[in-house]
Amino acid sequence: MGKILVTGGTGFIGSHTCVALINAGYQVVVMDNLCNSKVEAIARIEMITGKHLRFYRTDMRDKNGIRQIFEDNKIDAVIHFAGLKAVGESVEKPLEYYENNISGTLTVLEVMREFQCSILIFSSSATVYGSHNVVPYQEDMSTSATNPYGYTKVMIEQILRDVCLAQPKCSAVALRYFNPIGAHESGLLGENPNGIPNNLVPYVAQVAMGKLDCVRVFGNDYGTPDGTGVRDYIHVMDLAVGHVAALAYAVNHPGFEAINLGTGKGSSVLDVVHAYEKACGKKIPVKFVDRRAGDIATSYADVTKAKELLGWETVYDLEKMCADSWKFTLQNPNGL
Ligand code: NAD
Ligand code: UD1
């Protein structure tokens with residue numbers, strides 16, 4: 001086990017996972033079409049790790065392009081992050097989302113089969129728990145979705161289950177991420193969404209920078225301790241290390257597994273704002289507005305399975321997540 005292909009490896013979670021993989025002694029090959037990331041991420045990963053990695057600007061739907069990567073490199077396993085991820089955009093452009101995320105994954109899987117590469121770690125999401133389950137979410141609960149993005153995750157998990165049944169040597173682990181935030185503690189890698197951010201922490205970061213006026217809190221009448229939405233925020237470097245643990249597990253365990261990656265603890269929107277105020281040393285103005293369509297009150301993980309199967313658990317708290325996000329934002333006011 002040595003060489004790992006990371007699809008979507010210049011993106012937010014992929015780039016941090018490259019650092020964790022290299023730190024764990026793996027060789028990393030990155031493939032990304034750069035539709036939502038910058039090639040500068042490669043230089044940053046190299047700066048942090050002092051190691052070289054090979055980058056291919058390739059679209060995951062380009063079969064010959066992916067074949068070329070497997071011909072050039074003996075790939076032992078794939079960690080598959082590449083995909084479009086904006087919930088609202090997926091409602092407006094379902095065909096683009098299904099085409100990119102599903103066709104792209106099928107193409108990756110076909111080339112893996114051709115080259116007898118049988119280990120895949122996939123970026124799934126807590127969104128597969130839909131709106132009907134009760135917290136804490138456990139992996140054996142039924143899955144569903146409320147938008148095309150969420151359905152791509154539900155469908156890809158099913159595809160992986162079916163592939164593992166048909167090809168008994170295959171291992172596929174779908175990691176169901178809760179809410180990844182934060183940045184590498186060097187401030188060299190982090191999250192920089194295009195335009196006005198949809199997700200809470202990147203939005204709060206821009207308010208702290210003075211680029212946006214105030215945080216609009218989507219609803220304060222939920223049945224939660226302070227009335228605002230509760231989520232399981234996880235430091236992106238904890239998440240990255242979870243992938244290294246999943247890889248070690250997959251090597252010895254053929255078949256399909258879905259595993260939650262979260263802290264097991266919920267924090268409210270106001271908890272996040274207060275932790276960010278502490279990190280940046282400024283007051284962050286908030287305004288209470290209506291609930292956002294499609295949001296649920298509370299989401300957090302049951303993390304028992306990750307502990308038992310992967311021997312993994314998180315180490316960073318919300319304060320550290322906000323401190324690292326703020327460091328990255330200050331050092332990279334215009335992103336990478
Ligand atoms: P990201 O947008 O930063 O990274 C995804 C990368 O995939 C980008 O660099 C993009 O350029 C690339 N990509 C997209 N389509 C491609 C294609 N056709 N060919 C090649 N590259 C392509 O997003 P992220 O936050 O790092 O998320 C990584 C994965 O984790 C995604 O699959 C996402 O759905 C999933 N996920 C993310 C979150 C989150 O909150 N960030 C939560 C749950 C699951
Ligand atoms: C969103 C996606 C989810 C995706 C996840 C990670 C939706 C409906 N869900 O989850 O599918 O897996 O991101 O990318 O988009 N909030 C505010 N003000 C803001 C932004 C957010 O109050 O400006 C609140 C939300 O109501 C929620 C919490 O902050 O309670 C977290 O929101 P967000 O960061 O967007 O993540 P999710 O909604 O959990």
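Counting convention: from 1, in listed order, for ligands and their atoms alike. When reading the values below, keep in mind they use all heavy atoms of this one structure, side chains included, and skip hydrogens, waters and symmetry mates.
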Among D232, N179, T314, D317, the one residue meeting side-chain hydrogen bond (donor to acceptor under 3.5 Å, both in side chains) with T263
D232
Between E89 and Y97: side-chain donor-acceptor atoms closer than 3.5 Å
yes
Going by the rule salt bridge (Lys or Arg N to Asp or Glu O under 4.0 Å), which residues pair with K265 if we only count those two or more places apart in sequence or in a different chain?
none
Under 4.0 Å from a heavy atom of N198: give me the atoms of ligand 2 that qualify, with their elements.
20 (C), 35 (O)
Protein heavy-atom partner closest to atom 24 (C) of ligand 2 - residue, atom, separation in Å:
V269 CG2, 3.6 Å
Check each atom of ligand 2 against the heavy atoms of V217 and keep those under 4.0 Å away; list them by number with element.
22 (O)
Checking a contact table here: which protein heavy atom is nearest atom 39 (O) of ligand 2, and how many Å away?
R231 NE, 2.6 Å
Is ligand 2 less than 4.0 angstrom away from at least one heavy atom of R292?
yes
For K278, what residues pass the salt bridge (Lys or Arg N to Asp or Glu O under 4.0 Å) criterion, not counting sequence neighbours?
E319
With a 4.0 angstrom cut-off on heavy atoms, strictly below it, pick out the residues next to ligand 1 and order them by chain and number.
G8, T10, G11, F12, I13, M31, D32, N33, L34, C35, N36, S37, T58, D59, M60, R61, F81, A82, G83, K85, N100, S123, S124, S125, Y149, K153, Y177, P180
Quick check: H16 with F81 (ring centres under 6.0 Å apart)?
no
For L200 and ligand 2, does the shortest N/O to N/O distance drop below 3.5 Å?
yes
So between V215, N199, N147, whose heavy atom ends up nearest atom 1 (C) of ligand 2?
N199
Considering only non-hydrogen protein atoms, determine which one is nearest to atom 31 (C) of ligand 2 and report residue, atom name and distance to 0.1 Å.
Y233 OH, 3.3 Å
Would you say F12 touches ligand 2, if touching means a heavy atom closer than 4.0 Å?
no
shortest atom 8 (C) of ligand 2-to-protein heavy-atom contact is with D295 OD1, 3.4 Å
Nearest neighbour of atom 10 (O) of ligand 2 from the list N179, V204, N220, on a heavy-atom basis
N179
Drop me the distance from M237's CE to L189's CG, to the nearest 0.5 angstrom.
8.5 Å
For K305, is the NZ atom crowded, meaning more than 12 foreign heavy atoms sit under 6.0 Å from it?
yes
Shortest heavy-atom approach to atom 2 (C) of ligand 2 - which of V87, L270, T298:
V87
Short list, please: which atoms of ligand 2 are under 4.0 Å from a heavy atom of T127?
11 (O)
When H243 is tested against each of F122, Y177, W312, Y249 for ring pair (Phe, Tyr, Trp, His ring centres under 6.0 Å), which residue passes?
Y177
Atom CG of N252 with >12 non-hydrogen neighbours under 6.0 angstrom
yes
Got a salt bridge between E277 and K283, using NZ or NE/NH1/NH2 to carboxylate O under 4.0 Å?
yes
So which protein heavy atom does atom 18 (N) of ligand 2 come closest to, and at what separation?
R216 O, 2.7 Å
Any sub-3.5 Å donor-acceptor pair from S118's side-chain atoms to C170's backbone N or O?
no
Flag the pair K287 and D213 as a salt bridge only when some basic side-chain nitrogen lies within less than 4.0 angstrom of an acidic carboxylate oxygen.
no
Short N or O distance, F218 and ligand 2, threshold 3.5 Å exclusive
yes
Less than 4.0 Å between a side-chain N and a carboxylate O, is that true for E46 and K51?
no
Once salt bridge (Lys or Arg N to Asp or Glu O under 4.0 Å) is applied, what residue pairs with a partner in residues 158-182 remain, sequence neighbours excluded?
E157-R161, E157-R176
Which residue from S299, S125, C214 reaches closest to atom 12 (O) of ligand 2 through any of its heavy atoms?
S125
